[in-house]
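Take a look at the structure below.
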Amino acid sequence: MRIYFLIVLLSLLQSYSIYAEQDHPLAKLWGVEDNEVPKLLENERNLIAIDKILKSILEQDNFISSFGGSVIFPKENIITVNTVDFSKVDDLLALPQINPHKDFLSFDKAENSMSLSQLIYNFDQIAFQASSIRPNQTIIYTDLESNNNVIYIFNRDINNSEFIEAIKPYNPKIIYENINSPPVSQNITQLRRDFNPRNLKIKLLSGDGLYNNGLFCSAGFWATDRFDPNDFYVITAGHCYNNEITNTEFYYAPWRYDLPSDLLIGRMVFHMTDPYDFGIINHVNKDVIPTFSVRNDVTTKYRELTITDSAPVTSVGAHICRSGRTSYFSCGYVLGFNGRNYGYTIGIKKDLIITDMPAERGDSGGPILSFVSPQNLYSVVVHGIFFGGGRILNAAQSIDIIFKELGENTIYDLTLYTGGSSS
Ligand SMILES: *[C@@H]1O[C@H](CO)[C@@H](O)[C@H](O)[C@H]1NC(C)=O
Ligand SMILES: *[C@@H]1O[C@H](CO)[C@@H](O)[C@H](O)[C@H]1NC(C)=O
Ligand SMILES: *[C@@H]1O[C@H](CO)[C@@H](O)[C@H](O)[C@H]1NC(C)=O
C-alpha cells in the first residue's frame, strides 16, 4: 500500500515536471515552477510587511545595540534577525507589534557580533574617510546578511592603499572584483543608422534603448508634469548624457539592433551625476508614444509588465529586477540600501540600492522594479533606475530621491506615469 502510494507520487512528480514551466522571471530567480510563484510572492510580501515593523523597532535606542538588523528569506518563509545580545530576544518578542509574527522570526548569532549601532558608526567613519581620500572605483555599503560593511573595489590594479589603510580600524569586508577592464566609462562608436521606421509610431517601453552622441543607455520610466498630464518626460541615468559633446538630443535605440534609430525622442532638459545620477528627457516627438509598460521580451510569456506604482526598497533579501538594452531582463536580490560610489571622474553617488542582479554597460538608466501581486504576475512597482556596478554587485538610484531632487531644486515637478490608474 505504502509502496503503491510512493509510485503514484513519483509518477505524479514526473508528469508535473514535464509540464512544468519557468517563464516568469521570479520562477527563474527562485528556481521554482511558474505555478509556485504566487505562493512565494505572497510569502515575500508578508515578510516585507513584518520586516518593516521589525526594522523600525530594531532601530530604537533600547534594541539598536543588541541586534544587527534583519534579512528576509522568502523561499524559507523566514526573517533572520542577527542577534548580538540574546538576553534581549524575550523583550523583543514580548512587544505587541512583534509577538503575532514570532513564528516568522529566527534569531541567529550575528556573524561578526556587530550591532546596528556599530555597523552605522563604522559606516559613517568609512564614508568620512572616503570623502576625504576619494578612493577610485569603489562602492561601499552595509551588508546586513554578512553583518559587516562592504568595500567593493572594481579594479585591483588601482592604488587605493591609502583608503584601505585608513579604514582598517572598522574591519570592513573588502571585495576585489579582480578584472582589468575599465568600468563605468562607455564605448563611443561611429554609427551607421539602419532602424528607420518612417511614418511609424513606436511605443517606448521602460528598458528600451536610448542613444545620445555615442552613448547607449536604457529608458527608466515615463513621468508627467504634476500639473500638466500631457507634458511627458523619460527618466534615465545622468551619465547617459555625453558631457564631452553636449548635444542634448536622445534617440530611440531598439533592443537587438547594434545601431540606434533616427527617431528622436526629445532633449535632455536636466541632468546631474553628483551626488545623484539621473537625467530627464522632455518628450517632443509625437511618433514616440509614452507607456507604463516594462519590456521583457526574452520569453514567450510576461513580455510586457505593467507599472502600477512606485515604492522604496525596504527589505534586504527581497527580489529586485531590471530591464535594459544590453542584457535585457534580469533579477537578483537586494543586498543593501545605503550604497555610495566613489570615482575620480564621476564624483560621489549616495543612497544607492545595492543588488546582485547581473547587468552590463548600456543597461544604465533602465528601470529597477519588483513584482507585487500574487494575483497579477504582470504587475510591477518601480524602485528606481539602474546606475552601474561590476560583476558581483550593482547599484541603483531610487525613484523617490529623483522626484524629490527635481521638485526641490528644479522647475520640473514630475510624477510617475501610470496611465492615470494610480499614484
Ligand atoms: C582613477 O581611475 C582612473 C580610471 O582607471 C584613472 O585614470 C585615474 O588615474 C585613477 N586615479 C587615481 C588617483 O588612482
Ligand atoms: C600606493 O599609494 C601609496 C600612497 O597613497 C604609496 O605609498 C604606495 O607606494 C603606492 N603603491 C604602489 C604600488 O604604487
Ligand atoms: C567599442 O566598440 C567597438 C565596435 O563594437 C569595438 O571594436 C571596440 O573594441 C570597443 N571598445 C571598447 C573599449 O570596448
Side-chain angles (χ1 to χ4, degrees), residues 68 111-188 214-215 237-244 271-278 335-364 386-397 401:
E111 198 179 316
N112 294 307
S113 301
M114 286 207 212
S115 65
L116 268 184
S117 58
Q118 185 75 55
L119 287 168
I120 293 167
Y121 175 82
N122 287 2
F123 182 84
D124 289 347
Q125 297 300 316
I126 291 166
F128 176 75
Q129 293 296 337
S131 352
S132 70
I133 297 171
R134 298 293 297 270
N136 212 353
Q137 300 182 15
T138 301
I139 283 180
I140 66 174
Y141 75 101
T142 304
D143 188 281
L144 294 180
E145 191 169 0
S146 66
N147 188 229
N148 205 345
N149 292 300
V150 167
I151 314 294
Y152 184 79
I153 297 176
F154 292 104
N155 189 343
R156 193 187 276 277
D157 296 339
I158 289 176
N159 186 353
N160 274 322
S161 60
E162 188 189 354
F163 176 61
I164 290 166
E165 204 52 43
I167 57 172
K168 266 198 179 137
Y170 313 108
N171 282 316
K173 178 172 163 183
I174 298 177
I175 299 173
Y176 288 95
E177 176 152 295
N178 210 12
I179 53 155
N180 298 321
S181 64
V184 182
S185 74
Q186 298 198 33
N187 194 354
I188 299 184
L215 298 187
H239 71 266
C240 292
Y241 171 64
N242 189 340
N243 267 320
E244 286 159 26
H271 85 286
M272 68 188 295
T273 53
D274 187 347
Y276 304 116
D277 189 309
F278 66 90
L335 305 179
F337 333 101
N338 63 348
R340 291 190 184 197
N341 178 269
Y342 300 87
Y344 264 76
T345 49
I346 55 167
I348 298 177
K349 319 274 178 272
K350 295 199 294 190
D351 305 321
L352 298 169
I353 303 162
I354 307 296
T355 79
D356 64 356
M357 62 196 171
E360 309 239 6
R361 203 170 282 194
D363 291 328
S364 290
F386 186 71
F387 159 63
R391 303 280 158 92
I392 303 172
L393 59 80
N394 278 294
Q397 176 74 76
I401 287 173

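One-based numbering, in listed order, for ligands and for the atoms of each. Keep in mind that what you see is a predicted model, and the values were worked out from it rather than measured.
- Among all protein heavy atoms, the one lying closest to atom 13 (C) of ligand 2 is Asn159 ND2, 4.3 Å.
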Next on the checklist: One pair to check against side chain to side chain contact (heavy atoms under 4.5 Å, CB included): Ile126 and Gln129. What are the steps and the verdict?
Outcome noted: CA-CA 5 Å; Ile126 291 166; Gln129 293 296 337; 5.8 Å; no

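- Atom numbering of ligand 2 starts at 1 in the shown order; those under 4.0 Å from a heavy atom of Glu162 are 5 (O).
- Residues Ile153 and Ile175 are not in side-chain contact: their nearest non-hydrogen atoms beyond the backbone lie 4.5 Å or more apart.
- Taking the centre of each ring, Tyr121 and Phe123 stay at or above the 6.0 Å mark.
- There is a protein heavy atom closer than 4.0 angstrom to atom 11 (N) of ligand 2.
- In this structure, the protein non-hydrogen atom closest to atom 4 (C) of ligand 2 is Ser161 OG, 4.5 Å.
- Counting only heavy atoms from C-beta outward, the side chains of Leu393 and Tyr141 approach each other to under 4.5 Å.
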